[in-house]
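When a ligand or atom number is given, it counts from 1 through the structure's own listing order. Predicted, not measured: the structure shown is a model, and the values here were computed from it.
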Amino acid sequence: MISKQAKKQIDIWVTKYPAGCQSSAVMEALKIVQAENENRLNADTIQAVADYLDMPGIATQEVATFYENYNHKPVGKHTIRICHNISCMLNGADDLIAYLEKKLGVKTGKVTKNGLVNVKKVECLGACVGAPMFQIGSQYYENLTKQKIDEIVDNLK
Ligand code: FES
């Protein structure tokens, strides 16, 4: 259920915490497992993470369903997590969201026909100084303009 490669990545995170506190790596472990399972989690993958970190399944499920980082429905290969919180909103996020929807031909929450991209509106990602911004994978893109969005989105494969 969890590949050797994923286990190696999770193990790196586990070493960042004191011995016996491996469950502290749960958020990164879920992210790693999600990335190798079509960018989403299900009951089996969540339980696999719980087993690997030797933590209760319900506690792992709580983390996986509380945060917006995790997907539980089919999503695109790339999720554009665009912030629409106050700093980004004041710097044009709503206009950029509308631009993205028109460019991709989908509303937020939906996946493009080719399965490549979905757009998700999220709350503050802690990069207000670079507002407006979005995140793809672990990369932040800040001070967005329509031109910048074109450059970034047109290079997604
Ligand atoms: S309000 Fe958008 S990153 Fe903080």
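- Taking the charged nitrogens against the carboxylate oxygens, K121 and D94 have no contact shorter than 4.0 Å, which rules out a salt bridge.
- For the pair E151 and K148, the salt-bridge criterion is not met [side-chain N within less than 4.0 Å of a carboxylate O].
- Q135 CD to E142 CD: the interatomic distance, rounded to the nearest 0.5 Å, is 10.5 Å.
- Under a 4.5 Å side-chain heavy-atom criterion applied to ILVMFWY residues, the cluster that includes W13 comprises I2, I10, V14, V26, M27, L30, I32, V33, L41, I46, V49, Y52, L53, M55, V63, F66, Y67, Y70 as well.
- Protein residues with a heavy atom under 4.0 Å from ligand 1 are C83, N85, S87, C88, C124, L125, G126, A127, C128, M133.
- Inter-residue side-chain proximity for N39 and K77 is flagged as unmet; no heavy-atom pair is nearer than 4.5 Å.
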I'd like to know whether N37 forms a side chain to side chain donor-acceptor pair (under 3.5 Å) with T45, so could you lay out the CA-CA distance, the side-chain angles of the two residues, the decisive distance to 0.1 Å, and finally the verdict.
CA-CA 8 Å; N37 286 282; T45 50; 5.5 Å; no

